[in-house]
Amino acid sequence: MENQIKTAALYIRVSTDKQEELSPDSQKRLLLEYAKNHDMIVSQKHIYVENGISGRKADKRPKFQQMIAAAKSEEHPFDVILLWKFSRFARNQEESIVYKSMLRNKCHVDVVSISEPLIEGPFGGLIERIIEWMDEFYSIRLSGDVTRGMTENALRGAYQCRPPLGYRIPYHKATPEIIPEEAEIVRLIFDKYVNGRMSIFAITKYLNSLGLKTNRGKPFEKRSVEYILQNPGYAGDVRWNRTVNETKEVRDPSEWIIRPGHHPAIISKGLFLAAQKRFQAEYRPKNAKPAEVSKHWLSGLLKCPACGRSLSSCVMHRKTAPDTFSFQCYGYLKGKCGHNCYVRAEEIEPAVIRALEDAIQRGSVTYTVKKNREKERNGEKELETLRKNLDRITQKEARAREAYMDGIDTKEEYRQNKERLLQERAELEKMISRLEQAEPEENANDARMMENISSVLDILRSGDFSVQEKNAALKSIVDRIVFYKDRGHIDVDYYLVEFPENPLFSGKFSIHTHLRSG
């Protein structure tokens with residue numbers, strides 16, 4: 001079908017440096033005008049506007065990420081993304097190439113700059129790469145100028161970061177002021193650490209037991225308490241250039257800029273220095289060799305019944321005996337879950353083996369079929385594609401109505417769009433009526449489930465398979481294993497997947513297995 005009507009999304013961005021940029025309203029007006037002239041429907045909900053945001057990093061642009069997520073969705077809400085300039089899409093050439101390639105090749109969504117038309121063929125692609133390179137060069141040069149300015153501000157003691165817990169900035173470029181209730185949390189942390197000699201882990205659990213939150217409204221973690229204890233801002237100083245923006249890697253302290261600030265202190269310099277003295281004495285250097293983390297065949301399967309998080313595996317190395325494993329709730333280790341799930345491998349391993357043996361002894365399970373088909377025959381693929389296109393016609397009709405109701409399209413434009421969509425619908429329905437076939441029937445095979453459990457059990461008992469192979473085998477039939485320490489049992493949830501030539505069935509079957517006593 002030639003001259004098929006298209007749906008479009010608009011992406012509008014104005015960065016923090018507004019020189020040589022059109023306002024959001026001007027960009028929107030030009031993009032809507034282009035869409036009308038090229039027979040494109042624009043829905044109000046797919047006009048993405050970001051104001052005062054840099055184009056260097058895509059993950060820092062929420063509207064951009066919403067647009068990409070919509071493009072990747074099964075709904076396929078638009079066929080093209082319209083931009084005023086390619087620099088609005090990204091100022092990082094690597095990200096620009098990755099996102100455009102994904103949109104065009106996988107999502108079948110084109111990216112068009114209305115002020116930078118490209119010719120067809122390889123020369124058009126070359127010109128687009130040159131434009132991307134120039135945009136990135138401009139951004140790098142601008143970033144250097146901004147960094148030099150911010151460094152000068154830091155040397156003068158000016159505060160130019162997001163305020164931490166205990167502070168707020170009442171208005172733009174104002175000096176931070178203290179939030180009394182949050183400042184009490186900060187003082188509590190330093191007092192418990194320096195005077196109470198509590199560990200960071202114990203402080204984290206204590207704060208969460210009181211229901212206290214970080215300045216982002218989340219429960220405390222060890223790393224958030226560590227950050228507070230190391231932040232000289234609480235003693236009235238300004239710290240700048242501590243981390244690399246791109247990687248968040250902590251720089252060598254010799255590169256940091258620390259100057260007396262203009263904001264009020266929450267704690268004394270003496271208390272802060274005492275905290276640093278203890279922290280440095282107990283803290284393990286980052287470049288030290290990390291503790292070895294050995295993977296167990298139960299890794300990723302054991303779950304906490306309270307918070308649902310995985311139980312992390314810990315290994316103890318011994319010179320005169322084999323390594324021993326234990327498991328504990330990850331949330332408990334981070335101070336975010338109060339449920340103690342500690343269990344040794346020598347207790348949990350036989351319980352899991354017995355669960356598999358009990359399943360085989362029962363001889364039958366109840367489960368729900370979940371298909372994971374291989375590729376359909378060519379005719380079935382074509383039918384599926386046509387049905388999706390028919391669904392998109394319905395979506396386009398709804399968007400055309402939206403565009404008319406929102407005042408984007410005139411009544412005459414809406415009538416023309418509606419007639420063209422009706423014609424497309426009639427052609428698709430005619431093709432579907434010729435290709436439509438009955439869906440294949442689903443079958444059930446409980447014996448196959450038992451065969452798979454038996455095979456996995458043989459693998460776990462054998463010494464010929466690696467830990468990784470045993471883990472993969474168990475994960476092929478088990479969704480999760482919930483460990484109830486207080487009641488001394490586990491619940492094992494099984495699943496199976498159906499394949500056309502090897503019909504397994506997916507579902508869940510919970511088995512209650514008591515741990516060995518004594």
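Because only heavy atoms are used, hydrogens play no part in the values below, and waters and symmetry mates are left out as well, while side chains stay in. These numbers were taken from a predicted model, which means no experiment stands behind them.
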Hey, mind stepping through Arg425 and Thr394 against side chain to side chain donor-acceptor pair (under 3.5 Å) and telling me if it holds? CA-CA 9 Å; Arg425 175 183 289 278; Thr394 303; 2.9 Å; yes

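With hydrogens and angles left out, the side-chain atoms of Thr204 and Lys334 include no donor and acceptor closer than 3.5 Å. In the model, Glu349 has a side-chain atom that pairs as donor or acceptor with a side-chain atom of His296 under 3.5 Å.
The cationic group of Arg278 lies under 6.0 Å from the six-membered ring centre of Tyr193 and within 45° of the ring axis, placing it in a cation-pi geometry.
The heavy-atom pair separating Ser299 from Asn471 by the smallest distance is O-ND2, 3.0 Å. A pairwise comparison of heavy atoms in Val186 and Leu165 identifies CG2-O, 3.6 Å as the closest pair. Nearest heavy-atom pair, Val194 versus Arg197, reported as atom, atom and distance to 0.1 Å: O-CD, 3.4 Å. Contact between Leu311 and Cys304 at its shortest, heavy atoms only, is CD2-N, 3.8 Å.
Counting heavy atoms from C-beta outward, Tyr332 and Arg309 have side chains that stay 4.5 Å or more apart. For the pair Asn231 and Arg239, the minimum side-chain heavy-atom distance is below 4.5 Å.
For Asn208 (side chain) and Phe220 (main-chain N/O), a donor-acceptor pair under 3.5 Å exists by modelled atom type. Within the 3.5 Å criterion, the main-chain N or O of Met450 finds no donor-acceptor partner in the side chain of Ser454. Looking only at distances, no side-chain donor or acceptor of Gln65 sits under 3.5 Å from a matching main-chain atom of Pro62. Of the possible donor and acceptor atoms, none in the side chain of Asp79 sits under 3.5 Å from a partner among the backbone N and O of Lys6.
Here Leu298 contributes atom CG and Leu460 contributes atom CG; the two are 8.0 Å apart, rounded to the nearest 0.5 Å. Atom NZ of Lys336 is separated from atom NZ of Lys205 by 15.0 Å, given to the nearest 0.5 angstrom. For the atom pair CG of Leu356 and CD1 of Ile459, the computed distance is 11.0 Å after rounding to the nearest 0.5 Å. Tyr342 OH to Gln328 CD: the interatomic distance, rounded to the nearest 0.5 Å, is 9.0 Å.
Checked for salt-bridge contact, Lys396 and Glu402 miss the test: no charged N lies under 4.0 Å from a carboxylate O. Using a cut-off of 4.0 Å between Lys/Arg side-chain N and Asp/Glu carboxylate O, Lys213 and Glu221 are scored as not salt-bridged.
Close placement of the Tyr167 and His263 rings is indicated, their centers lying within 6.0 Å of each other. For Phe64 and Phe89, the ring centers are positioned less than 6.0 Å apart. Two rings, from His489 and Phe483, have their centers 6.0 Å or more apart.
The side chain to side chain contact (heavy atoms under 4.5 Å, CB included) test with Tyr495 singles out one residue from Ile477, Val478, Asp479, and that residue is Asp479.
By the neighbour-count criterion of 12 heavy atoms within 6.0 Å, atom CZ of Arg223 is sparsely surrounded, having that number or fewer from other residues, nucleotides or ligands. Environment of CD in Glu181: crowded, with over 12 heavy atoms of neighbouring residues, nucleotides or ligands closer than 6.0 Å. Around atom CE of Met405, no more than 12 heavy atoms belonging to other residues, nucleotides or ligands sit under 6.0 Å away. Residue-environment remark: NZ (Lys470) exceeds the threshold of 12 foreign heavy atoms within 6.0 Å. Atom NZ of Lys475 is surrounded by more than 12 heavy atoms from other residues, nucleotides or ligands within 6.0 Å.
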